[in-house]
Amino acid sequence: MVGKANMDEFAMGSSTEHSAFGPTHNPWDTSLVPGGSSGGSAAAVSAGECLLALGSDTGGSIRQPAALCGNVGFDPTYGRVSRFGIIAFGSSLDQVGPLARDVEDAATLLDCIAGHDPRDSTSNPEPMPDLRHYLHRDISGLRIGIPTEYTQGMEPAVRDSFENAIGIFAALGCTIDRGLSLPSSEHALAVYYIIAPSEASANLARYDGVKYGFSDRTGATMWDNMEQTRARGFGEEVKRRIMLGTYALSAGYYDAFYLKAQKVRTLINAEFEEAFKKCDIILTPTTPGPAFPLGAKLNDPYAMYLNDIYTLPASVAGLPAISVPSGLTPEGLPIGLQLIGNFNDEGRIIQTAHAFERANGMANELPEV
Amino acid sequence: MTAIATDFETVIGLEVHCQLLTQSKMFCSCSVDYSGAAPNTHVCPVCLGMPGTLPVINERAIEFISRTGLALNCTISSFSKFDRKNYHYPDLMKGYQISQFDLPVCLGGYLDIEVDGYTRRVGITRVHMEEDTARLLHRTDAATGEGYSLVDVNRSGTPLMEIVSEPDMRTPAEAREYLVRLRQILRYIGVSHANMEEGNFRCDANISLRPRGQAEFGSKVEIKNMNSFRAVHDALVFEQQRQAEVLNSGGTIPQETRGWVDDSAITVSQRSKEDANDYRYFPEPDLPPLRLARMWVDDIAAALPELPAARDARLRALGLNEHEAATITESRGRAEYFDRLAEAIALGPERSPKLAANWLLGEVSRWLNEHTAEIDEFPLTADGLAELIRMSEDGQITAAVAKDVFEKMAATGKDAATIVAESGLAQISGDDELTEIARKVIAANQRAVDDYRTGKEAALNSLMGQVMRETRGRANPQTVTSILKRELTVK
C-alpha cells in the first residue's frame with residue numbers, strides 16, 4: 001500500500017475541494033480540479049504515484065475523476081464489492097471500485113475485491129466471473145445503444161470525442177442504435193439529491209461527539225455539545241446535504257420528496273431494464289466537459305452537481321458502469337467515455353472497454369508532471 | 001371519584017417492549033448474556049455503531065417474533081422490511097434505531113382476557129422487530145458534586161419486540177390482566193423472560209376518556225416510567241381520575257406524554273404533542289426486505305406449545321376447578337409437570353388428574369415456596385412422585401407418612417419404596433396386630449374408656465391418638481376406629 005488518497009469529505013463532492021486536508025490538483029493541469037469525490041485516487045494514478053487505486057462511487061465519484069484525470073474508473077454492480085468497512089454516505093448507492101491506467105489493470109483489481117460478503121446484507125450473492133477472461137476478445141455484433149437524452153451541457157470537445165468513439169465501435173463491427181430513449185434519466189439528478197442526502201442524514205447521525213472523532217465539550221449541556229460538535233465538525237457541503245436529507249424525510253415532506261424519488265427510481269430502473277432488451281452496452285460521455293478550474297464551481301453547488309449528470313442514472317439504478325479515456329480536448333485535457341452494462345454484466349463491460357481501448361490507442365497516456 | 005364510571009368510559013391501549021431470549025444480538029454476533037457483566041464487555045464495532053459497520057439480521061429473532069405473532073393470532077407478513085427511526089440521544093449508538101415502520105412482521109391479532117367473570121378480546125395491532133439502545137448510568141462526581149453520565153453499550157442491539165394493542169381495554173384491571181396474560185404467553189413460547197422488574201418487559205400505556213356512548217376517542221395521554229404491573233395499574237387508575245376531574249371541571253386534556261412517579265404515585269407532564277420527535281422513518285438501506293416463506297412460518301406454527309387458554313380449558317374438562325386449572329397453567333413448567341404426573345399416577349381419568357392437582361398445589365407448591373424454587377428446580381420426577389401417591393392411595397402408607405416420605409424423597413433423592421422400607425413406615429392394616437395394640441391402649445386408659453361409654457364420643461379421639469403414637473403413625477385410621485369401637489362395645 002502506497003498511501004491514503006485525498007477525497008471530498010464523506011465522499012460528498014465532484015472536485016475534491018471539500019477536504020479538510022485541502023484540495024487535490026489535477027496532474028494534467030494543476031490549476032484544475034481532478035474531479036471527485038475520489039479525486040485523490042484518480043490524481044495519484046494519473047501522476048504515476050501508484051499503479052492502482054480504490055475509490056468509492058455513490059453518484060459518479062470513481063468515473064468522473066477517472067474521466068477528468070484520464071484514468072479507467074469502474075463502478076461495478078451495486079453489491080459486487082462489500083460495503084463493510086466503508087464509511088457510509090448513501091447506503092443504497094455506495095460502491096467501491098478500481099481506478100487504473102488501463103482496462104486490464106482495472107479488471108485485475110476488481111477481480112481481487114469483488115465477491116459476496118455475509119457481513120454486508122446487500123452484498124451480491126452472484127459470483128463474479130474471472131474478468132481477465134474477457135480481455136482481448138472480439139466485440140463484433142455487440143449492440144450499442146446511444147440514449148438521446150444524455151446531451152445536457154455537453155461541450156463541443158466532448159461531443160467530438162463521443163462521436164469519434166461511436167465510429168470506433170461501428171468499425172469494430174458493433175451495431176449502433178442511436179434511437180435509444182431513457183426519458184426518466186433526466187430526473188436521476190433530482191432522485192439522487194433526495195435519496196443520497198436522506199440516507200446520509202442518518203448515516204452521519206452517529207458523529208455526535210459522544211463516542212469518537214471531533215467533540216466539542218464547551219457547551220453547558222449535552223445537547224449544546226452535540227450541536228456544536230456537528231456544527232463545527234462537518235464541512236459546508238456535508239452540512240448542506242444533511243439538511244437536504246433531513247428536510248426530505250421530515251413529516252409532511254416525505255411523500256413529496258423521498259417517496260416520490262423512490263418511485264422515480266423504480267421508473268429509471270424499469271427503463272434501463274427495457275433498454276437492455278435492445279442493447280448490450282449503453283454508451284454516454286462520462287461528463288459534460290473536461291476538468292474545470294479550482295474554485296470555479298465551489299460557490300455554485302448546482303453547477304457542481306451537474307458534472308455528474310451522465311453518471312447519476314447508472315448509480316441510481318445500481319448498474320455497472322466504466323469510464324475509459326476517449327480522447328483529449330484541443331487544450332490537451334482528458335475526456336472520458338462511459339459504458340453502462342446490465343446487472344452483473346461486468347464481463348461484457350470489460351470486453352467492450354478493452355476492445356475500445358486497444359482500437360482507440362489511448363491507454364496509459366500520462367500527463368507530464 | 002365514583003362519578004367516573006358513570007360519566008366517562010376509559011379507553012386504554014398498551015405498547016409492550018420485550019427483549020428476546022436469543023443467544024446473540026439483533027444485528028451482530030455479540031452475546032446478549034450481559035446481565036451482571038462489567039459495562040462494555042459485550043460489544044463489537046457493529047453494536048457500538050462504528051463507522052463502516054453493517055447490520056445482519058438475527059434469524060432466530062425473526063423466528064421468535066413469528067412465534068409470538070402466531071401465539072397472538074396475528075398474520076405473519078410474507079413481506080416486511082426494516083426502517084430507520086432517526087433521533088439523537090447518547091444511548092443511541094448510530095443516531096438512529098433500526099425498527100419497523102409500515103410493514104411489521106406481525107399484524108392484526110388478539111388476546112382474550114378474563115376479568116371479574118367477563119371475557120374481553122383485546123386486539124393486537126402489530127408486533128414489530130427492533131433493537132434495544134445502550135444504557136445510561138447517571139452519576140455524581142463526589143468531589144465537585146457535578147452530575148455526569150456513563151454509557152454501557154452491552155444492551156445496545158439486543159433484539160427487542162414491540163407489541164402494540166388496540167385501544168380495546170376499558171379498565172386498569174383489564175390492562176393489568178392483559179399484561180399478565182401476555183407475559184404468560186411469552187414465557188410459554190420461550191421467547192422472553194418477560195420480567196418487568198428486570199427491564200426486559202416494558203410497558204407504555206395510552207389512556208383517554210370519552211363520554212359514555214360517544215364513538216369518537218378523547219385525546220390520549222401516553223404514560224411512561226412504569227416498572228411493575230402494579231405501577232401500570234395504579235398509574236392508569238390515577239390518570240383516569242385525573243382526566244375525569246379535569247373534564248368534569250370543564251377543562252380539556254392536551255395530548256401529551258406523562259411520566260409515572262412511583263414514590264408519590266402521580267403522573268407528571270413530560271412532553272407535549274408539539275415537542276414530539278419527528279422520527280423521519282425511511283426504509284433501512286443496509287437490509288434487504290424480509291421475505292418469510294410460508295413453509296417456514298407453518299413449521300413454527302406447528303411447533304408452538306399448547307397455549308395457556310387451551311391448557312386451562314383442557315384441565316377444566318379433566319374435572320379440575322377454575323382455581324386449580326388457573327394456578328396449574330400459570331407457568332408452562334408447572335402445567336407440563338401436571339400432565340406428566342397425572343399420566344404417571346395412572347389411576348384412571350376420574351382420580352389421576354385430581355390427585356395430581358392436589359399434590360401439585362399442596363405438597364409440591366409448599367416445598368417450592370419453602371425453597372423459593374421454580375418447578376424446573378423441583379427434585380422429584382413425575383414418575384417418582386406418582387409412585388408415592390399410588391402407595392398412599394392403595395393404603396401401603398398413611399397420608400401422614402406420605403408427607404414424611406415426600407420430604408425425605410426431596411431431601412435424599414431416594415425413591416418412595418426405598419424410604420418406606422428403610423424406615424419401616426409401611427402402614428399397619430393387619431387386624432390382629434392393631435387389635436392387640438388397641439387392647440393395650442384401652443387397658444391403659446380407663447378414664448377415656450369410661451368417658452366414651454358414658455356417651456363422650458370425643459374420648460375415642462384420645463384413644464385413637466394413643467394407638468397412632470404406639471404405631472408411629474403407621475396405623476390405618478379407618479381400621480383403628482372400627483377396631484376401637486368394636487373392642488369398647490364388646491366389654
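Chain naming here is simple, since letters A, B, ... match the order of the sequence lines and numbering starts at 1 in each. Since the structure is predicted, the reported quantities are computational estimates derived from the model, not experimental observations. Heavy-atom basis, side chains included; hydrogens, waters and symmetry copies ignored.
- For the side chain to side chain contact (heavy atoms under 4.5 Å, CB included) test with Arg206(A), the passing option among Lys94(B), His88(B), Met93(B) is Lys94(B); the others fail.
- Proximity of Met222(A) to Tyr89(B): side-chain heavy atoms (C-beta onward) are separated by under 4.5 Å at one or more points.
- Using a 4.5 Å cut-off between heavy atoms, Tyr87(B) makes no contact with chain A at all.
- The number of heavy atoms from other shown groups lying within 6.0 Å of NZ (Lys220(B)) does not exceed 12.
- The number of heavy-atom neighbours closer than 6.0 Å to CZ of Arg135(B), taken from other residues, nucleotides and ligands shown, is 12 or below.
- Proximity of Lys211(A) to Val151(B): side-chain heavy atoms (C-beta onward) are nowhere separated by under 4.5 Å.
- For Gln255(B), the CD atom is densely surrounded, since the number of other residues' heavy atoms within 6.0 Å is greater than 12.
- Of the atoms belonging to Ile86(A), it is backbone heavy atoms, and not side-chain ones, that fall under 4.5 Å from chain B.
- With a threshold of 4.5 angstrom between heavy atoms, Pro45(B) does not approach chain A through any atom at all.
- Taken from CG in Asp120(A) to OG1 in Thr53(B), the straight-line distance is 11.0 Å, to the nearest 0.5 Å.
- Of the listed residues (Tyr212(A), Trp223(A), Tyr254(A), Tyr207(A)), the greatest number of heavy-atom pairs within a distance under 4.5 Å of chain B belongs to Tyr212(A).
- Within a 6.0 Å radius of NZ in Lys81(B), other residues, nucleotides and ligands contribute more than 12 heavy atoms.
- Within 6.0 Å of atom OH in Tyr253(A), 12 or fewer heavy atoms from other residues, nucleotides or ligands are found, so the atom counts as exposed in its surroundings.
- More than 12 non-hydrogen atoms from other residues, nucleotides or ligands lie less than 6.0 angstrom from CG of Asn277(B).
- Proximity of Tyr96(B) to Asn203(A): side-chain heavy atoms (C-beta onward) are separated by under 4.5 Å at one or more points.
- At a 4.5 Å heavy-atom cutoff, Tyr247(A) makes no contact with chain B through either its backbone or its side chain.
- Summarising the local packing, CZ of Phe21(A) is surrounded by 12 or fewer heavy atoms from other residues, nucleotides or ligands at distances under 6.0 Å.
- Side chain of Ser121(A) to backbone of Pro288(B): no donor-acceptor contact under 3.5 angstrom is found.
- Residue contact with chain A, scored on non-hydrogen atoms closer than 4.5 Å, involves the backbone and the side chain of Asp286(B) alike.
- The side-chain heavy atoms of Pro51(B) and Phe10(A), taken from C-beta on, include no pair separated by under 4.5 Å.
- Counting heavy-atom pairs closer than 4.5 Å to chain B, the top-ranked of the candidates Ala88(A), Ser198(A), Ser91(A), Ser82(A) is Ser91(A).
- Scanning both residues, Arg280(B) and Ser250(A), for their nearest heavy atoms gives CD-OG, 3.9 Å.
- In terms of heavy-atom pairs under 4.5 Å with chain A, the best-connected choice from Gly95(B), Gly52(B), Pro283(B) is Gly52(B).
- A donor-acceptor pair is defined here as one N or O able to donate and one able to accept, closer than 3.5 Å; no such pair exists between the side chain of Asn86(B) and the backbone of Ala202(A).
- With respect to chain B, the highest number of heavy-atom pairs below 4.5 Å among Leu259(A), Asp94(A), Asp208(A), Leu249(A) belongs to Leu249(A).
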